[in-house]
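Only one structure is covered here, and it is reproduced in the block below.
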Amino acid sequence: MRQFTELKKRYPNDPALAYAIDVVTGKVLAGEKMKQACKRHINDLKRIEDDDDFIYVYDVDEAQKIIEFATLLKDVSSGEQFNPSPYQRFIFAVIQGWRNPETKGMRFKNIFISMARTNGKTQLLSAYALYNFLFGFPKINRRLAVTSIDIAHTSNLYKYMTFNWSQLSDGVFSKLARKWGVEFNRNEMRIDSQSTAMKRLSAQGSPSDSDHYTTGIVDEYHLLGEGQREFVNSMTSGMVNNPLAQMFFISTAGLDPNSPMYADYRRYAKYLENGDWQHIDKDLVLIWEQDDKDEAYMPETWVKSNPLMELPSMRKNLTEGMITERDSKASQGKLSDFIVKNMNMWQNAKSNAYLPVDLVENAVIDEFDVFGRDVYIGFDYSQTNDDTALAFVFPYQAADGSYKYHLYQHSWIPLTKVGTIEAKEQRDNINYRDVEEKGFATITRDRFGLIDEDEVFNWLLNFIETNELNVKAILYDQWGTGRVIRRLDEIKDEYLIIPVRQGIKSLNEPTKFLQTTFIKHNITMLDDNAMQQALINSVVVSDNNGIKIDKNTNSQKIDIVDAIIDALYEGQFYFTDFTNVDEKPTKSPFGNMSDDEISDYFINDFSF
């Protein structure tokens, strides 16, 4: 504790510092991401004095002011006076206390808060929104909004605000209510004398371009899909010239990782895990979650995702309720629902999911040098609706001696059926423009929205030649190849080109191999959202011959995984003596041996 003595003297009444110290010293049990968030608060307080390039300041008086306001409100679940718990005081303080003296506004522009259900996050944000509605900046023309996938999901936060305002206007703020003339209806609160309003918006229908919001709140963020990203962007774009504006994203984890929230979660998680806070100086990330799925059967750890359990008065009831919920879900074969909603961990909750989210996440590495390596290439072709994918499977031996496979891909994105990239992204729930910017895809420029086969062919040859790859085989869906395979066959007869039947009997073995290799943590890949989404979208179908992958809906793209499995039809045997390839008929006494194999034959058998 001595290491914190100086900070405690400097900030003796800071509830955020008190909570952060309790977390990092283990007095409060917390998950790894919250430990990092608390270390960040402590580290940033030190940077105020030690780092001349650190421009932000921390105002404990402002932090205390919003907490004092919150104690005037009612707890909407009990009707008693609201007494913010330690974790809620921490949130209030870090949001309100950190300031940018250059802009005279808040430090944090984007606030990402996630925890398990029934932990008071909506109550907390309603208190913050009401405070800023009444006393925020600027002093006039404040514009606040709460949005979600539909109007119904904004109801709780807005009702908490209006309920508490009704209590305040009849009590401690009766004078202020008469002076300002605060009014509200089912969808809007207003202070006409200050040109200030708080609105409820639907991310599927309400326009948001016309208002420049000072405070925006996205509630139940996990429900929004790629189609609602543009709506959120229209809110944040109106904030760029407003140093006082803040955008909140609050939610529990979701059952479908194909969402903007999951993409943000993964991006932020990487910064937290690396302690790389300088790159997100204006973003506040607070994630209360379990560290491991096995903790579903360790109730003593549940405070990690359920911070209200810090309070002895809440712990007993929450624990008993969660045990009942866990056992009920487990008996129905739906334990993943409990893990998502009550442990705040993302899961691929499809009943027949090919891979769980954590196996896909854990396979991501920062870099991989493909130059000069052996490679198996899978090709899945489409021109108008599905994406065309080239998958590259690089077998390699890791430093620890284990045999691994690195996956890489490049996709071509057609627009014929949907017309625009915006519509394509909305339908497929993939941010293709971001994927293209990172080098993993090419969005068609063809005026008819078709994929240019010559472009695919030339890209493939250039990738092989630039990286001096040793192509062991190119494998493809024999029912749909276009001109690419025919041209390769004509001009590159040194390549082994193998058609792969797409029935379960042919695909069972490579499909199981890929799944098993993921489970053994012997797959690596780069941070390619398109590949990760394809793996998560994949579901298992089976018959008496085995399994293969499929998708639940046409918009859930799995073309990349199809190409990977094609490549593994032969690539799975790289470290063995087996093969799926029949030898071509030949009159040579050496059969289909390569030049190197013939040379080794003579060296081994005729050397002295």
Side-chain angles (χ1 to χ4, degrees), residues 3-4 7 16-17 19-21 23-26 28-48 50-51 53-56 58 90-91 94-95 98 107-115 221 249 251 253 257 259-293 295 304-305 344-346 357-369 398-400 404 406-408 431 434-435 437-440 521 523-533 536:
Q3 59 183 309
F4 307 118
L7 281 179
L17 178 60
Y19 182 82
I21 291 173
V23 166
V24 300
T25 58
V28 169
L29 183 62
E32 290 303 316
K33 291 184 179 63
M34 274 314 301
K35 288 178 183 177
Q36 288 294 86
C38 289
K39 288 177 184 177
R40 178 192 190 184
H41 180 67
I42 293 168
N43 185 62
D44 284 352
L45 291 177
K46 294 177 180 178
R47 289 173 71 193
I48 294 174
D50 301 339
D51 186 350
D53 294 327
F54 188 68
I55 65 171
Y56 304 105
Y58 186 70
F90 172 80
I91 294 176
V94 292
I95 295 172
W98 280 105
R107 169 188 174 180
F108 295 117
K109 301 285 287 183
N110 298 300
I111 297 96
F112 184 99
I113 301 173
S114 181
M115 66 190 72
Y221 185 30
F249 302 88
S251 187
S259 71
M261 180 183 172
Y262 181 65
D264 287 346
Y265 166 83
R266 292 207 56 231
R267 176 169 59 89
Y268 283 137
K270 187 177 294 185
Y271 287 123
L272 285 176
E273 288 160 6
N274 295 335
D276 193 8
W277 304 306
Q278 286 85 344
H279 287 90
I280 52 170
D281 258 345
K282 294 183 179 180
D283 291 15
L284 177 64
V285 184
L286 304 174
I287 301 171
W288 282 267
E289 67 177 8
Q290 298 300 130
D291 291 318
D292 194 288
K293 290 182 294 185
E295 291 175 343
K304 292 180 181 181
S305 55
N344 199 37
M345 298 182 74
W346 284 90
V357 170
D358 57 333
L359 288 184
V360 177
E361 286 180 351
N362 293 338
V364 175
I365 60 176
D366 291 331
E367 58 184 19
F368 185 85
D369 186 7
D400 63 2
K404 293 182 179 286
H406 182 76
L407 310 181
Y408 183 83
N431 188 344
D434 180 64
V435 175
E437 186 176 329
K438 292 177 178 176
F440 299 118
H521 302 288
I523 294 287
T524 61
M525 58 186 175
L526 301 181
D527 192 7
D528 173 357
N529 185 52
M531 182 185 291
Q532 292 164 41
Q533 292 289 73
I536 290 168

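The structure presented is a predicted model; accordingly, all values stated were derived computationally and were not measured. Numbers here are sequence positions counted from 1.
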Counterpart residues, side chain to side chain donor-acceptor pair (under 3.5 Å), relative to [X] (two or more places apart):
X	value
Trp346	none
Asn431	none
Lys109	none
Tyr56	none

Report yes if the side chains of [X] and [Y] come closer than 4.5 Å at any heavy-atom pair, otherwise no.
X	Y	answer
Asn110	Phe249	yes
Cys38	Phe90	yes
Pro260	Tyr221	yes
Phe112	Met261	yes

[X] side, atom [atom1]; [Y] side, atom [atom2] - distance, nearest 0.5 Å:
X	Y	atom1	atom2	result
Lys35	Leu272	NZ	CG	13.5 Å
Leu29	Met34	CG	CE	12.0 Å
Arg47	Asp53	CZ	CG	9.0 Å
Lys282	Ile111	NZ	CD1	12.5 Å
Lys304	Glu295	NZ	CD	3.5 Å
Gln36	Ile287	CD	CD1	11.5 Å

If we ignore hydrogens and angles and just use 3.5 Å, is the side chain of [X] paired with the main-chain N or O of [Y] as donor and acceptor?
X	Y	result
Ser251	Ser114	no
Asn344	Trp288	yes
Glu289	Met345	no

Listed partners of Tyr408 passing ring pair (Phe, Tyr, Trp, His ring centres under 6.0 Å), at least two apart: Phe440, Phe463
Tell me every residue that passes salt bridge (charged side-chain N to carboxylate O under 4.0 Å, His left out) with [X], counting only those two or more places apart in sequence or in another chain.
X	answer
Lys438	Asp434
Arg107	Asp44, Asp281
Asp527	Arg266, Lys270
Lys39	none

Lys46, NZ: over 12 other non-hydrogen atoms inside 6.0 angstrom: yes
Ile48: side chain to side chain contact (heavy atoms under 4.5 Å, CB included) partners, not counting sequence neighbours: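 Counting only residues at least two positions away or on another chain, Ile48 forms a side chain to side chain contact (heavy atoms under 4.5 Å, CB included) with Tyr11, Leu45, Phe54, Tyr58, Trp98.
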With sequence neighbours excluded, residues passing side chain to side chain contact (heavy atoms under 4.5 Å, CB included) with Ala269: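 Counting only residues at least two positions away or on another chain, Ala269 forms a side chain to side chain contact (heavy atoms under 4.5 Å, CB included) with Lys33, Glu273.
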Over all atoms of both residues, closest heavy-atom pair of [X] and [Y]:
X	Y	value
Ile91	Ile113	CG2-CD1, 3.9 Å
Ala20	His41	CB-CD2, 4.4 Å
Ile280	Asp276	CG1-O, 4.3 Å
Leu284	Arg40	CA-NH1, 3.9 Å

Stepwise side-chain hydrogen bond (donor to acceptor under 3.5 Å, both in side chains) test for Tyr271 and Asp283: CA-CA 11 Å; Tyr271 287 123; Asp283 291 15; over 6 Å; no
Pair up each side-chain donor or acceptor in residues 357-366 with any protein partner under 3.5 Å, not counting sequence neighbours, and list the distances.
residue	atom	partner	partner atom	Å
Asp358	OD2	Lys293	NZ	3.3
Glu361	OE2	Tyr262	OH	2.5
Asn362	ND2	Asp358	O	3.0

